Amino acid sequence: MKVKGGFLMYLFIFLGLILGACLIIAAIMLFSPGTSIFGLEWVGENSTGTYATYDGYFKEISAYDTVTINALKHDANGNTIGYGYYDVDIRRADRDAVNSNVVVENKIQGLAKTADKTEFSINFEESEDGKALTINVVQINTWLASTGASKITLNIPDELNTSNVTFIVNTGSGSVDFGGDIGRDSEAFALESKALTATTESGSITLKELTTASNAINLKTTSGAINLHAESLTTREMSIESASGHINLPATINANTLTLATDKGIIDGGNINANLTLNTQMGVVRLGNINGNVIGTERLDGTDVKLGTISGELGIPSARNVNLEALNVGGFVNIVTEGGRIYIGSVDTGLNSRTNITTTSGEIKVYVEQDNNQIINLTTKSGKITAFVASSSGNKNFTTENGRIDVTLSQSTSLDLISETKGETVLNWDETNVSNNILYREIRGTDAFTGAIMKLKSNTGNMEFNRILNPEFN
């Protein structure tokens with residue numbers, strides 16, 4: 001069917017009129033802010049204001065137990081509907097500053113629904129007991145916004161001791177910085193605190209080098225990075241969470257407890273002197289030595305974990321799929337996982353206490369230290385067990401249904417190797433130290449045998465024995 005040229009001409013004219021009308025409406029909104037058309041209007045705020053926190057009524061920042069900064073969005077009735085788009089910085093002020101102040105930079109513009117339009121505001125609220133100060137900054141409410149570098153900065157003079165103050169920051173799409181200073185060529189001053197708490201939806205969180213918190217550090221962001229720049233950080237309790245961002249920890253953390261959480265991010269850090277809880281999913285964790293216990297929550301699924309030595313216990317009571325590597329564990333090991341890899345050990349180091357590791361289809365690889373006289377239970381349904389046993393005392397029970405057990409003995413020991421159905425068992429031993437007559441009797445006997453120091457059982461008889469000299473763990 002042919003379309004007449006006259007129809008196309010009228011169509012183009014009609015579309016041109018619509019486009020022209022849209023341009024006229026946009027021009028009216030841009031050059032006459034506040035004009036409402038079809039229930040929408042163009043709004044904007046481009047300003048910088050300085051507000052004293054100490055004005056004869058409010059005390060100085062150092063006199064409060066808690067100082068909270070909230071970047072908020074309100075509806076037309078003044079009700080809070082979420083967090084605003086502000087970066088927040090708490091830091092030491094200019095060298096000549098006498099009193100604390102808050103500087104708010106607004107750079108935001110966009111379309112707003114006329115019925116929901118709000119104005120920028122800032123207010124200071126002191127608790128009834130006078131121990132807490134809350135600073136609420138409300139941005140203009142936009143429907144479609146083009147935001148700039150809107151920012152809230154709390155400037156604190158050098159001479160104010162804030163070591164007993166808890167700082168709390170809540171913002172939406174904005175970054176949070178603790179510490180730092182303004183216009184300093186040298187001689188940076190530390191930002192001391194009792195506790196630091198920051199929550200942002202899609203921004204980074206940074207603790208500068210000289211930032212401290214004696215009691216607690218709680219940092220949470222949805223998609224931003226978390227950077228702790230101090231070489232060493234000491235507090236009582238610490239919780240760090242970024243759903244998908246990169247978490248960079250100091251070379252050393254000293255705390256009672258440390259909780260690390262991510263959904264699909266990367267966590268890098270050094271040595272941890274604390275009891276560590278890993279609440280991670282689909283992420284990567286790379287840390288140094290852990291002077292304390294390590295616990296993995298049930299969310300520990302699809303995570304790659306690489307640790308140094310662990311002085312305390314290692315517990316992962318339930319996980320679907322986790323890859324974990326550790327050089328050494330000094331305490332009780334209890335791990336239950338469906339898949340993945342569990343590697344514990346290196347040359348002459350590994351498991352030093354009682355151990356229970358169970359996996360459905362995953363791989364277990366461990367080194368049992370020479371002075372470990374505890375019970376070692378390794379079980380897999382269809383995966384693989386590789387164990388280097390250097391100890392001569394304590395019971396070792398390695399079991400599989402359809403998987404493979406590969407064991408190397410450096411000396412005679414008490415050992416149960418059980419392959420229930422179609423599994424495969426390989427036993428290697430150091431011909432210098434292991435009692436060969438026991439092994440020879442097993443080789444010459446039936447496929448099920450109980451000797452003085454070991455029990456070897458394979459329902460299919462699929463067993464292999466190797467005499468080697470000076471075996472090594474690798």
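Only a predicted model underlies this, so the values are computations on that prediction, with no experimental measurement involved. In this chain, numbering begins with 1 at the start of the sequence shown.
Of the possible donor and acceptor atoms, none in the side chain of T162 sits under 3.5 Å from a partner among the backbone N and O of V165. Of the possible polar contacts, one joining the T222 side chain to the E201 backbone as a donor-acceptor pair under 3.5 Å is found. Judged purely by atom type and a 3.5 angstrom limit, S242 has no side-chain atom pairing as donor or acceptor with the backbone of H246. At least one donor-acceptor pair under 3.5 Å links the side chain of D129 to the backbone N or O of K131. Here the side chain of T359 pairs a donor or acceptor atom with the backbone of E338 at under 3.5 angstrom. Not one N or O on the side chain of T259 forms a donor-acceptor pair closer than 3.5 Å with the backbone of S239. Of the possible donor and acceptor atoms, none in the side chain of N395 sits under 3.5 Å from a partner among the backbone N and O of I375. Within the 3.5 Å criterion, the main-chain N or O of I226 finds no donor-acceptor partner in the side chain of S204. For T400 (side chain) and T380 (main-chain N/O), a donor-acceptor pair under 3.5 Å exists by modelled atom type. A donor-acceptor contact shorter than 3.5 Å links the side chain of N275 to the backbone of N293.
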*Please lay out, stage by stage, how L154 and D89 fare under the test side chain to side chain contact (heavy atoms under 4.5 Å, CB included).*
CA-CA 6 Å; L154 173 59; D89 193 351; over 6 Å; no
*side chain to side chain contact (heavy atoms under 4.5 Å, CB included) between L278 and T297: does it pass, once the steps are laid out?*
CA-CA 6 Å; L278 296 176; T297 70; over 6 Å; no
*Hey, mind stepping through N70 and N170 against side chain to side chain donor-acceptor pair (under 3.5 Å) and telling me if it holds?*
CA-CA 5 Å; N70 294 319; N170 297 300; 3.0 Å; yes
*asked:* Using the rule given for side chain to side chain contact (heavy atoms under 4.5 Å, CB included), can you reason through K208 versus T206, listing the C-alpha separation, both sets of side-chain angles and the distance that settles it, and then say yes or no?
replied: CA-CA 6 Å; K208 298 295 178 59; T206 302; 4.0 Å; yes
*Can K73 and Y83 be said to form a side chain to side chain contact (heavy atoms under 4.5 Å, CB included), step by step?*
CA-CA 5 Å; K73 291 193 296 185; Y83 291 114; over 6 Å; no
*asked:* Let's go through N328 and T309 carefully: what are the C-alpha distance in whole Å and the side-chain angles of both, what is the deciding distance for side chain to side chain donor-acceptor pair (under 3.5 Å) to 0.1 Å, and is it a yes or a no?
replied: CA-CA 5 Å; N328 168 273; T309 63; 5.5 Å; no
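Residues D87 and I152 have side chains not in contact (no heavy-atom distance under 4.5 Å, counting atoms from C-beta outward). Side-chain contact between V329 and N352 is absent, with no heavy atoms from C-beta onward closer than 4.5 Å. The shortest distance between side-chain heavy atoms of L378 and T399 does not fall below 4.5 Å. Using a 4.5 Å heavy-atom threshold, the side chains of L314 and I344 count as touching. A heavy-atom distance below 4.5 Å is not found between the side chains of L324 and Y343. In this structure, the side chains of I217 and L207 come closer than 4.5 Å at one or more pairs of heavy atoms. The side-chain heavy atoms of N155 and V103, taken from C-beta on, include a pair separated by under 4.5 Å. Taking 4.5 Å as the limit, some side-chain heavy atom of L258 sits within range of a side-chain heavy atom of I253.
Side chains of S173 and S202: a donor-acceptor N/O pair is present below 3.5 angstrom, by distance only. Counting only N and O atoms by type, the side chains of N271 and T252 include no donor and acceptor under 3.5 Å apart. A donor atom on one side chain and an acceptor atom on the other are not found under 3.5 Å apart for T262 and T280. No hydrogens or angles considered: a donor-acceptor pair under 3.5 Å links the side chains of T234 and N254. In summary, the side chains of N334 and N356 do not present any donor paired with an acceptor at a separation below 3.5 Å, with no hydrogens or angles considered.
Listed by chain and number, the residues in a salt bridge (Lys or Arg N to Asp or Glu O under 4.0 Å) with R286 are D268 (sequence neighbours excluded). With sequence neighbours excluded, the residues satisfying salt bridge (Lys or Arg N to Asp or Glu O under 4.0 Å) with D406 are R404.
Taken from CD1 in I247 to CD1 in I266, the straight-line distance is 10.5 Å, to the nearest 0.5 Å. Atom CD1 in I385 sits 6.0 Å away from atom OG1 in T379 (nearest 0.5 Å). Atom CD1 of residue I295 and atom OG1 of residue T257 lie 12.5 Å apart, to the nearest 0.5 angstrom. Atom CG in L133 sits 4.5 Å away from atom OH in Y64 (nearest 0.5 Å). Atoms CG and CD1, on N106 and I122 in that order, are 9.5 Å from each other to the nearest 0.5 Å. Considering OG1 of T355 and CD1 of I342, their distance stands at 12.0 Å, rounded to 0.5 Å.
Looking at I376, N377, T386 one by one, the single match for side chain to side chain contact (heavy atoms under 4.5 Å, CB included) with F398 turns out to be I376.
The minimum heavy-atom distance linking E192 with F167 is given by the pair O-CE1, 4.2 Å. Across G339 and S361, no two heavy atoms sit closer than the pair CA-OG, 4.0 Å. Considering every non-hydrogen atom in both A319 and L300, the closest pair reads CB-O, 3.3 Å. R92 and P157 make their closest contact through NH1-O, 2.6 Å (heavy atoms, listed as atom of the first residue, atom of the second, distance). Across all non-hydrogen atoms, the minimal contact from G172 to T200 is O-OG1, 2.7 Å. Contact detail for A390 and E369: the closest heavy-atom pair is CB-C, 4.2 Å.
Sorted by first then second residue, the salt bridge (charged side-chain N to carboxylate O under 4.0 Å, His left out) pairs that include residues 214-229, not counting sequence neighbours, number zero.
Heavy-atom neighbours of R320 CZ from other residues, nucleotides or ligands within 6.0 Å: at or below the threshold of 12. Counted within 6.0 Å of CD on E298, heavy atoms from surrounding residues, nucleotides or ligands total 12 or fewer; the atom is thus considered open.
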